[in-house]
Participant: 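Handing you this structure, nothing more for now.
We count residues from 1, following the sequence as given.
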Amino acid sequence: MTKILHIVASPRGDASQSTKLAEAYIEAATQADPSVTVDTLELWQEDLPEFDGDKAAAKMTFFGVGEMGATQQSAWDQIVGITARFTDADVYVMSVPMWNCGIPYKLKHYIDIITQPGLLFGFDPEDGYSGLLEGKKAVVFYTAGVWAPGAPQKYGSDFHSEYLSWWLDFVGIKEISNVRFQPSLLTPDPEGDRTAALREAVGLVKETA
């Protein structure tokens, strides 16, 4: 049984273009395989903890800095609990609008909480970093109002998909599919482009099955 974790990075609810694309994919996936389960993580509704000094101190013990005392262990246990929801999934469906050429800060906050040694990555002084998530898949839906691949720099830069693609690879997710609805505003045919993106989203179900 496949478990999808839908990570919603937009606060716009039903008005979110990236979420609509992700939901079209999920609907097609569940119709194709009724055994698929879906866990939706609405980042704007989650009470995500600050990655404060105790959590940072707990993290550094994995690199040989300091000791894991009771306070640090309690802070680390909170991180482990949040990360378990992520690692429990088989497929990550992510709806990610572009904000100021990057990802929404709620998604960055979540990434900074769960990207921890021994949980999502390993480290060796000689070999460097290694991702710990094997056999996982990611399907990412990118939207942007005016930016598009190949657009002049006056319309922005891509610290959006470039960063997220790097992070997914960093934690060990190698099978990544992307759908772009970019731009969603500065286009002569927004409805046509939206329809094409929705068609691509649904078509991915067969490709990623």
Side-chain angles (χ1 to χ4, degrees), residues 2-34 36-51 81-86 88-115 137-149 155-156 158-165 167-168 173 176-205 208:
T2 300
K3 183 172 183 178
I4 290 175
L5 177 63
H6 179 199
I7 300 174
V8 182
S10 171
R12 299 183 65 221
D14 293 340
S16 168
Q17 299 295 341
S18 60
T19 302
K20 289 178 182 178
L21 293 173
E23 289 175 344
Y25 170 86
I26 291 171
E27 181 179 359
T30 54
Q31 288 179 352
D33 182 1
V36 169
T37 62
V38 181
D39 177 16
T40 301
L41 178 61
E42 296 268 5
L43 292 178
W44 295 84
Q45 297 178 16
E46 290 292 313
D47 184 19
L48 297 175
E50 296 297 323
F51 194 80
I82 295 170
T83 306
R85 183 177 178 183
F86 183 81
D88 190 44
D90 305 297
V91 179
Y92 305 104
V93 176
M94 308 178 72
S95 42
V96 188
M98 177 181 277
W99 279 28
N100 298 318
C101 296
I103 64 174
Y105 70 88
K106 288 285 187 177
L107 177 56
K108 184 60 168 64
H109 183 186
Y110 180 67
I111 286 173
D112 287 343
I113 288 172
I114 66 175
T115 310
K137 301 178 182 179
V139 184
V140 189
F141 296 93
Y142 293 108
T143 55
V146 300
W147 184 87
Y155 295 118
D158 187 10
F159 304 112
H160 181 219
S161 66
E162 287 191 5
Y163 169 75
L164 201 51
S165 294
W167 176 74
L168 290 167
I173 303 171
I176 306 169
S177 300
N178 299 326
V179 174
R180 295 180 182 270
F181 179 23
Q182 297 173 321
S184 62
L185 299 176
L186 195 65
T187 169
D189 185 17
E191 289 302 323
D193 292 344
R194 182 182 296 107
T195 298
L198 286 167
R199 188 181 302 116
E200 185 179 357
V202 172
L204 276 179
V205 173
T208 60

Participant: For the residue pair L168 and M94, establish whether any side-chain heavy-atom pair is separated by less than 4.5 Å.
Facilitator: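 Yes, close enough: below the 4.5 Å cut-off.
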
Participant: Within the 4.5 Å heavy-atom criterion, are T37 and T2 side-chain neighbours or not?
Facilitator: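 Side chain of T37 against side chain of T2, heavy atoms only: no contact under 4.5 Å found.
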
Participant: To the nearest 0.5 Å, how far apart are NZ in K106 and CH2 in W99?
Facilitator: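 These two atoms lie 9.5 Å from each other.
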
Participant: Between S16 and R12, is there a donor-acceptor pair closer than 3.5 Å when you use the side chain of the first and the backbone of the second?
Facilitator: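 No, S16 side chain to R12 backbone: no donor-acceptor pair under 3.5 Å.
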
Participant: CG of D14: more than 12 outside heavy atoms within 6.0 angstrom?
Facilitator: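 No, because the 6.0 Å sphere around CG of D14 holds 12 heavy atoms or fewer from other groups.
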
Participant: Show me the side-chain donor-acceptor pairs of residues 38-50 shorter than 3.5 Å, one per line, residues at least two apart or across chains.
Facilitator:
| residue | atom | partner | partner atom | Å |
| --- | --- | --- | --- | --- |
| D39 | OD1 | R85 | NH2 | 2.8 |
| D39 | OD2 | R85 | NE | 2.8 |
| W44 | NE1 | A9 | O | 3.0 |

Participant: Are any side-chain N or O atoms of Y25 and backbone N or O atoms of V140, one a donor and one an acceptor, separated by less than 3.5 Å?
Facilitator: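 Side chain of Y25 to backbone of V140: no pair is present.
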
Participant: Roughly how far, to the nearest 0.5 Å, is the CD atom of E162 from the OG atom of S165?
Facilitator: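 Reported to 0.5 Å precision, the distance equals 8.0 Å.
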
Participant: Work out which heavy atom in V205 is nearest to a heavy atom in A29; give both atom names and the distance.
Facilitator: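 Here V205 and A29 meet closest at CG2-N, 3.7 Å.
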
Participant: Measuring from D112:CG to F51:CZ, what's the distance to the nearest 0.5 Å?
Facilitator: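 One finds 8.0 Å between CG of D112 and CZ of F51.
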
Participant: Check salt bridge (Lys or Arg N to Asp or Glu O under 4.0 Å) between D193 and all other residues, then give those that pass, not counting sequence neighbours.
Facilitator: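 In terms of salt bridge (Lys or Arg N to Asp or Glu O under 4.0 Å), with neighbours along the sequence ignored, D193 is linked to no residue.
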
Participant: Could you report the tightest heavy-atom contact between S95 and H6, atom names first, then the distance?
Facilitator: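 Taking every non-hydrogen atom into account, OG-NE2, 3.1 Å.
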
Participant: If you look at every heavy atom in V179 and A197, which pair is closest and at what distance?
Facilitator: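 Distance-wise, the nearest heavy atoms are CG1-O, 3.9 Å.
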
Participant: Would you compute the distance between atom CZ of R194 and atom CZ of F181 and round it to the nearest 0.5 angstrom?
Facilitator: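 Interatomic distance, R194 CZ to F181 CZ, rounded to 0.5 Å: 4.5 Å.
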
Participant: Within the structure provided, determine whether S161 and R180 are in side-chain contact (heavy-atom separation under 4.5 Å).
Facilitator: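 A side-chain contact under 4.5 Å exists here.
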
Participant: Measure the OH-CD1 distance between Y163 and I103 for me, rounded to the nearest 0.5 Å.
Facilitator: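 Y163 OH to I103 CD1: 5.0 Å, rounded to 0.5 Å.
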
Participant: Can you tell me how far apart CH2 (W167) and CG (L164) are? Round to the nearest 0.5 Å.
Facilitator: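 Reported to 0.5 Å precision, the distance equals 7.0 Å.
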
Participant: side-chain contact (heavy atoms from CB on, under 4.5 Å), that's the test. Do I82 and Y110 meet it? Break it down for me.
Facilitator: CA-CA 9 Å; I82 295 170; Y110 180 67; 4.1 Å; yes

Participant: Heavy-atom distance under 4.5 Å between the side chains of V96 and P104, does that happen here?
Facilitator: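 V96 reaches P104 side chain to side chain.
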
Participant: Keeping the roles fixed (side chain from T187, backbone from P183), state whether a donor-acceptor pair exists under 3.5 Å.
Facilitator: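 Not a single qualifying donor-acceptor pair exists.
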
Participant: Which atom pair, heavy atoms only, marks the closest approach of V36 to T30?
Facilitator: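 Result for this residue pair: CG1-CG2, 4.1 Å.
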
Participant: Please identify each residue that fulfils salt bridge (Lys or Arg N to Asp or Glu O under 4.0 Å) with D88, with sequence neighbours left out.
Facilitator: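 If we apply the salt bridge (Lys or Arg N to Asp or Glu O under 4.0 Å) test to D88, skipping adjacent residues, the hits are K3.
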
Participant: Is the shortest side-chain N to carboxylate O distance from E23 to K20 below 4.0 Å?
Facilitator: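 Salt bridge between E23 and K20, a charged N being under 4.0 Å from a carboxylate O: no.
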
Participant: Less than 4.5 Å apart, any side-chain heavy atom of V202 and any of E27?
Facilitator: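 They are not in side-chain contact.
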
Participant: Any side-chain to backbone donor/acceptor pair from D158 onto H160? Under 3.5 Å, distance only.
Facilitator: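 Here the side-chain-to-backbone pair exists.
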
Participant: Indicate the atoms forming the closest heavy-atom contact of T143 with P97, along with that distance.
Facilitator: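 Nearest pair, atom of T143 first, then P97: OG1-CA, 3.4 Å.
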
